[in-house]
Amino acid sequence: MTVTAARSTMSPRRSAARAAAVAALSAAALLGGGLTAQAAAPARTTGAAVELTPASALATQCYYKVNATGGLVIRSGPGTSYTRVGSYPNGATVLASASTTNGFRNVGTNRWVSAAYLVRITSYPCE
């Protein structure tokens, strides 16, 4: 099978940014790092230099500890009017969105918990 590359019509700045992003992703994959395509995408070019946004600024999920005596209710949406779909016991470690919606953090597809009962575990890095 023969593979031919399509001729690129990208500007030199955009081409440099793309090359830097691909290099960063390749290095992260080889080193087992948490850099993702989403993390490398917001590259800025300033002249000949390419600057990547730090991975910590792009974190989308962090680890939290449940701090609710009776446990924490998991709901189907970000609010108390949504259906209960489960619960976490007090002290459980949860991977949840770093941002909140209506005071709730997303913990999965159609799974939300109140941010008021989650304490960030700073010894684990955000992803």
Connected-component partners of Ile121 among ILVMFWY, side-chain separation under 4.5 Å:
Tyr63, Leu95, Tyr124
Solution key, residues 81-94 side-chain donor-acceptor pairs under 3.5 Å, sequence neighbours excluded:
from, atom 1, to, atom 2, distance (Å)
Asn90, OD1, Ala68, N, 3.0

Run the side-chain donor-acceptor check on residues 103-115: report pairs under 3.5 Å with partners two or more places apart or on a different chain.
from, atom 1, to, atom 2, distance (Å)
Arg105, NH1, Tyr64, OH, 3.2
Arg105, NH1, Ser97, O, 3.2
Arg105, NH1, Ala98, O, 2.7
Asn106, OD1, Gly108, N, 3.1
Asn106, ND2, Gly108, O, 3.1
Ser114, OG, Ala116, N, 3.3

Which is it for Leu118 and Asn67 under the side chain to side chain contact (heavy atoms under 4.5 Å, CB included) test, yes or no, and what are the steps along the way?
CA-CA 6 Å; Leu118 295 176; Asn67 186 22; over 6 Å; no
